[in-house]
Student: 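Please find one structure pasted underneath; my questions will follow.
Each residue takes its place number in the sequence, starting with 1. Counting convention: from 1, in listed order, for ligands and their atoms alike. Computed from a predicted structure; not experimentally measured. Hydrogens, waters and symmetry mates are skipped; everything else that's a heavy atom, side chains included, is used.
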Amino acid sequence: MLNKEIRNHFPILDQEINGHPLVYLDSAATSQKPVQVIEALDNYYRWNNSNVHRGVHTLGNKATDGYEGAREKVRKFINAKSTEEIIFMRGTTTALNTVAESYGHANVSEGDEIVITHMEHHSNIIPWQQLAKETGAVLKYIDLEEDGTLSLDKVRETITDRTKIVSIMYVSNVLGTMNPIEEITEIAHQHGAIMCVDAAQAAPHMRIDVQKLNCDFLAFSGHKMCGPTGIGVLYGKKELLNNMEPIEFGGEMIDFVGLYESTWKELPWKFEGGTPIIAGAIGLGAAIDYLEEIGLDAIERHEHDLAGYAMDKMSEINGLTIYGPRDPEKRAGLVTFNLDDVHPHDVATVLDMNGIAVRAGHHCAQPLMKWLACSATARASFYLYNTTEDVDRLVEGLRSAKEYFKDVN
Ligand code: 7TS
């Protein structure tokens, strides 16, 4: 387990909610921010704020260095070959929509197939539904195994020579399942399809190596990995991005503008229309420095241990159903559950009365809820600042919720 001192890096955690010390178990929705990131944002706005890439004055150069320096940090973080392959955008949702809109429209036609799974977040479903509708392509789903994992046999059965795009999440935000992306990428490539990875729940928690995965696109959000909201990353292989058209025109992405024709800048800027997300990128760079200092391997280990501890303790509560793989080694640091037939919103409300923040609802994964045959669930998600004491408080809170609703049901 990581040192408990880490908690002190996160000022927000040092407060009481409803008369109890805060236990924050909703990091899969958005993580808290360490003082190192808060100070990087403060420092940028206090001392270096300026627009970038205009190259005439000193502040502009400082802002540009900060922004482009962050791009290099991201490149290293996911082991991309070049900063040309790192595009800053608003988040995972925008990145996936960009791939569907730009790559999809140029490469998918009637009768082609797009392959996703039943466990995807809405942000990795709807862009493909729209693309399928607009092009006449067929959207196909890989079935899940009973424990909420993917079998490579089913992957092989679903992907065919008509498949043009496979888009799958690295880690499930509901089941915690970690998917075999490297193997699926290989199968996709054997059929001439490209592989797009939704890494929103992977980037904060484990080492990502895009060259090892050999995926074609990969998307993630800064706000789930200690960075600010409003910044995310689209990684794409250079040869694919070079052949793609931007979807936003104007501002920073422009090279030359004539009355009737214009040209774009080179990669990565051709996909960054308007004034870029300068402070966001700098904040993300600080978040990456912070995570690297602690170590992604140590963070991943810590979360596995916490999830294992939580599953053991929670299994002792009668009437509590846990979803997803039972083996903590096969899942990331989150536990999704239901308690008897109490609505998860009610469970979350009682936990909140005890100062414990968990998520309740469909977690933007309605097709998965249908597959699980429930309308909603509650979810406790862990990050580097959580401790076994947090889990103990959760278990205690669940026991009091059970007691509270005993007479109601
Ligand atoms: N993909 C996955 C796997 C996610 O978990 C999320 C957000 C997204 C995409 C979208 O990311 P965004 O930054 O563009 O919003 N997931 C959640 C969640 O589980 N609870 O709140 C947001």
Student: Below 30° counts as parallel, above 60° as perpendicular, anything between as tilted: where do the rings of Phe217 and Tyr103 land?
Tutor: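 Phe217 and Tyr103: perpendicular rings.
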Student: Looking only at heavy atoms of Arg379, does any of them come nearer than 4.0 Å to an atom of ligand 1?
Tutor: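 True for this residue.
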Student: For a quick test of reading the model, state the closest non-hydrogen atom pair linking Ser315 to Ile322 and the distance between them.
Tutor: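 Result for this residue pair: OG-CD1, 4.1 Å.
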Student: Looking only at heavy atoms, which two atoms of Pro276 and Asn51 are closest? And how far apart?
Tutor: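 Looks like CD-OD1, 4.2 Å.
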Student: Write down the atom of Ala199, the atom of Pro204, and the distance for their closest heavy-atom approach.
Tutor: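 Heavy-atom minimum between the residues: O-CD, 4.3 Å.
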Student: Mark up the atoms of ligand 1 that fall under 4.0 Å of a heavy atom belonging to Asn173, in ascending order.
Tutor: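 Listed by number with element, the hits are 5 (O), 18 (C), 19 (O).
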Student: Tell me if the aromatic rings of Tyr67 and Phe88 count as close, with their centers under 6.0 Å from one another.
Tutor: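 Close enough - the centres of the two rings lie under 6.0 Å apart.
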Student: Starting from atom 5 (O) of ligand 1, which protein heavy atom do you reach first, and at what distance in Å?
Tutor: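 Sorting protein heavy atoms by distance from atom 5 (O) of ligand 1 puts Gln201 NE2, 2.7 Å first.
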Student: Where is the nearest protein heavy atom to atom 1 (N) of ligand 1: which residue, which atom, and how far?
Tutor: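 Residue, atom and distance for the closest contact: Asp198 OD2, 2.6 Å.
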Student: Taking the non-hydrogen atoms of His223, is any one of them nearer than 4.0 angstrom to ligand 1?
Tutor: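 Yes, His223 has heavy atoms under 4.0 Å from ligand 1.
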Student: Given Ser221, Ala199, Ser172, which has its nearest heavy atom closest to atom 12 (P) of ligand 1?
Tutor: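 Of the listed residues, Ser221 has the closest heavy atom.
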Student: Of the listed options (Arg359, His363, Met89), which comes nearest to atom 21 (O) of ligand 1 when hydrogens are ignored and any heavy atom counts?
Tutor: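 Looking at heavy atoms only, Arg359 sits closest to atom 21 (O) of ligand 1.
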Student: Considering only non-hydrogen protein atoms, determine which one is nearest to atom 15 (O) of ligand 1 and report residue, atom name and distance to 0.1 Å.
Tutor: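 For atom 15 (O) of ligand 1, the nearest protein heavy atom comes out as Thr93 OG1, 3.8 Å.
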Student: Could you go step by step and tell me if Phe271 and Trp264 meet the ring-ring contact (aromatic ring centres under 6.0 Å, His included) rule?
Tutor: CA-CA 9 Å; Phe271 289 102; Trp264 330 134; over 10 Å; no
Student: Taking distance alone, with N or O pairs closer than 3.5 Å, would you say Lys224 contacts ligand 1?
Tutor: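 Yes: some nitrogen or oxygen of Lys224 is under 3.5 Å from one in ligand 1.
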Student: Within less than 4.0 angstrom of ligand 1, does Asn124 place any heavy atom?
Tutor: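 In this structure, Asn124 fails to qualify as a contact of ligand 1 - no heavy atom is under 4.0 Å.
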Student: Do the two ring centres, one from Tyr383 and one from His205, sit under 6.0 Å apart?
Tutor: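 That pair passes the under 6.0 Å test.
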Student: Give the residue, atom name and distance (to 0.1 Å) of the protein heavy atom nearest atom 4 (C) of ligand 1.
Tutor: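 Checking every protein heavy atom, the shortest distance to atom 4 (C) of ligand 1 gives His121 CD2, 3.3 Å.
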Student: Using a 4.0 Å cut-off to any heavy atom of Met169, which atoms of ligand 1 qualify?
Tutor: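 The list of qualifying atoms is 3 (C).
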Student: Using distance alone, decide if ligand 1 has a nitrogen or oxygen within less than 3.5 Å of any nitrogen or oxygen in Ser123.
Tutor: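 Such a contact does not occur with ligand 1.
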Student: For the pair Arg331 (side chain) and Pro325 (backbone), establish whether a donor and an acceptor sit closer than 3.5 Å, ignoring hydrogens and angles.
Tutor: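 Yes; judged by distance alone, with no hydrogens or angles, the pair exists.
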Student: Under 30°, 30 to 60°, or over 60°: which ring-plane class applies to Tyr385 and Tyr24, parallel, tilted or perpendicular?
Tutor: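 Tilted, since the angle between the ring planes falls between 30° and 60°.
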